[in-house]
Amino acid sequence: MPDFSTQAVVLRSVDYGDSDKIVTLFTSGYGKISAIAKGAKRSMKRFGGTLELFSLVNVVWSRRRGTGFPFLKEATAIRPPDRIRRNIFKTAYASYWTELIDKWIEKGDRHYATFELLSYVLGRLDDSEIDDSLLSMFFQVKFLALCGFSPNLKVCSVCHKPLDAFFGNRLYFSRIKGGVVCSGCGIHNNRDILLSRGTCKLLLWISNAPSDKALRIRFSGASKEEGTRLLEGFCVYCFNKDFKSLRFLREIRKEK
Ligand SMILES: [Zn+2]
């Protein structure tokens with residue numbers, strides 16, 4: 001069987017038997033795969049610390065005949081997540097992003113753009129130059145778009161009236177309609193999320209501007225809270241999953 005070589009981010013790692021690990025990798029060339037890393041649990045010699053969660057690595061693996069897990073033959077570190085590992089908030093954000101990807105993406109489907117996005121945000125999270133919550137908004141907006149759930153922030157999701165023609169400064173975001181709704185349309189209920197016009201425009205900027213410009217934007221504390229609440233709520237609604245890491249992230253933010 002031929003070997004495959006690709007860059008990958010480590011999404012998950014669980015012990016398997018006395019000495020092995022099953023590692024779930026999000027690869028640049030082959031989508032999500034789970035592979036067996038022989039001896040990774042017992043001996044540090046073969047893989048060292050390279051299979052740590054959120055690491056960017058180069059891996060070599062081979063398929064086995066039949067239905068067994070592929071063999072992970074080599075893993076070389078490209079970017080170990082040193083700062084992420086030492087900071088509980090960064091660890092929580094990275095866990096949330098990787099859980100979103102792990103739960104939504106099926107094994108074997110190729111998602112090169114999503115791999116690039118994840119690798120980029122983990123790198124920026126580790127270099128600590130960008131506010132963590134802004135980075136998380138950026139990731140969620142882009143990931144939603146890649147999955148076909150881009151939130152509509154430009155026109156009323158019912159009558160298509162442009163945002164600039166909406167009355168007042170407070171807007172409603174309907175998860176069911178997938179975007180903002182003007183005051184004349186629909187019955188607003190407690191499932192809708194209230195947000196300011198300013199936050200809406202900031203989210204639009206993040207979703208449309210090139211990444212270096214999008215991440216240079218300054219958010220007020222209130223906008224950051226609104227944008228975070230909107231995107232996290234919308235992700236849970238769209239992907240219809242329970243994200244354990246998001247519950248943890250919300251808990252530690254409350255205690256901050
Ligand atoms: Zn309307």
Side-chain angles (χ1 to χ4, degrees), residues 93 96-97 99-101 103-106 109 111 113-114 116-118 120-121 130-243 245-247 249-250 253-254:
Y93 277 111
Y96 171 48
W97 305 339
E99 191 182 353
L100 268 176
I101 285 178
K103 286 202 165 151
W104 186 248
I105 283 178
E106 299 285 341
D109 291 348
H111 291 272
T114 307
E116 287 283 285
L117 173 65
L118 180 65
Y120 177 76
V121 289
I130 310 285
D131 177 86
D132 297 345
S133 56
L134 172 57
L135 209 47
S136 192
M137 283 191 267
F138 174 82
F139 171 77
Q140 289 170 97
V141 161
K142 301 286 183 189
F143 184 58
L144 283 163
L146 287 167
C147 297
F149 297 128
S150 200
N152 162 31
L153 300 165
K154 283 184 183 162
V155 297
C156 170
S157 301
V158 179
C159 71
H160 306 294
K161 186 195 280 184
L163 187 70
D164 289 338
F166 279 29
F167 180 74
N169 187 42
R170 305 299 288 170
L171 314 173
Y172 286 95
F173 182 92
S174 161
R175 281 176 269 211
I176 296 166
K177 303 281 183 204
V180 286
V181 178
C182 78
S183 56
C185 288
I187 303 157
H188 302 302
N189 53 47
N190 58 11
R191 298 182 66 171
D192 291 346
I193 302 168
L194 202 59
L195 79 159
S196 70
R197 189 184 288 272
T199 303
C200 192
K201 292 203 162 171
L202 289 169
L203 291 175
L204 257 179
W205 171 256
I206 294 182
S207 72
N208 294 330
S211 45
D212 55 331
K213 280 192 179 162
L215 291 170
R216 256 186 266 140
I217 198 163
R218 293 202 179 277
F219 266 73
S220 69
S223 275
K224 215 186 285 179
E225 258 175 51
E226 277 182 0
T228 295
R229 199 174 63 238
L230 184 148
L231 289 171
E232 290 176 357
F234 193 49
C235 279
V236 169
Y237 177 80
C238 290
F239 299 117
N240 195 21
K241 311 257 183 210
D242 176 37
F243 297 108
S245 52
L246 180 58
R247 274 192 272 134
L249 177 62
R250 285 170 168 166
R253 271 196 315 233
K254 253 192 272 170

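In what follows, residues are counted from 1 in the order of the sequence shown. Keep in mind that the numbers below use all heavy atoms, side chains included, and drop hydrogens, waters and symmetry copies. Counting convention: from 1, in listed order, for ligands and their atoms alike.
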Check: Phe239 ring centre within less than 6.0 Å of Phe149 ring centre: yes
Number of protein N, O or S atoms [distance to the Zn ion (ligand 1) under 2.8 Å]: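 Every protein N, O or S atom under 2.8 Å from the Zn ion (ligand 1) counted, the figure is 4.
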Contact check, side chains of Ile193 and Arg175, non-hydrogen atoms, under 4.5 Å: yes
Geometric class of the Tyr93/Trp97 ring pair [parallel <30°, tilted 30-60°, perpendicular >60°]: tilted
Ion pair check, Asp132 and Lys224, cut-off under 4.0 Å: no
Cationic N near anionic O, under 4.0 Å, Glu226 to Arg170: yes
Test log, rule ring pair (Phe, Tyr, Trp, His ring centres under 6.0 Å), inputs Phe139 and Tyr96: CA-CA 11 Å; Phe139 171 77; Tyr96 171 48; 7.5 Å; no
